[in-house]
Amino acid sequence: MGIGRLELLTLIQEHGSISKAAQQMGMSYKRAWDLVSSLNAQSTTPLVHTQAGGKRGGGAEVTPEGQQLIQEFRALQDRFQEFLAAEEKRLLL
């Protein structure tokens with residue numbers, strides 16, 4: 001998991017679409033699909049569910065496990081930023 005994958009999951013959650021998420025990130029649909037497939041393969045349960053297009057259109061949904069991963073990764077980033085700020089303060093004293 002990294003910043004790019006976190007952004008992709010977040011945008012899929014916002015838009016309900018891998019295609020729209022990829023477009024907003026300036027990446028190809030193929031690249032976004034490959035990243036989603038990789039995330040799903042590396043997880044014990046899928047992080048994104050997809051539905052093929054058709055008359056009602058397709059879509060993608062971040063699963064509860066994917067939502068939890070987003071929250072945990074953001075919390076990790078926050079703790080890391082706090083650590084960096086504390087270290088900077090310590091070093092500058």
Minimum heavy-atom separation for [X] and [Y], please, with both atom names.
| X | Y | value |
| --- | --- | --- |
| L8 | A21 | CD1-CB, 3.9 Å |
| Y29 | S19 | CD1-CA, 3.7 Å |
| S28 | A22 | O-CB, 3.8 Å |
| E65 | P46 | OE1-O, 4.0 Å |
| V62 | Q67 | O-NE2, 3.2 Å |
| L47 | N40 | N-OD1, 2.6 Å |

Spatial distance of atom [atom1] ([X]) from atom [atom2] ([Y]) [nearest 0.5 Å]:
| X | Y | atom1 | atom2 | answer |
| --- | --- | --- | --- | --- |
| E61 | I12 | CD | CD1 | 11.5 Å |
| H15 | T10 | NE2 | OG1 | 10.5 Å |
| Q24 | E7 | CD | CD | 7.5 Å |

Ionic contact status for R74 with D78, cut-off 4.0 Å
no

Using a 4.5 Å cut-off between side-chain heavy atoms of Ile, Leu, Val, Met, Phe, Trp and Tyr, which other residues end up in the same hydrophobic cluster as F80?
F83, L84

Quick check: do T45 and T63 have side-chain heavy atoms less than 4.5 Å from each other?
no

Does a side-chain heavy-atom distance below 4.5 Å link L39 with V48?
no

Okay, side chain of S37, backbone of W33: is any donor-acceptor separation there less than 3.5 Å?
yes

Just wondering, more than 12 heavy atoms not from E87 lying within 6.0 Å of its CD?
yes

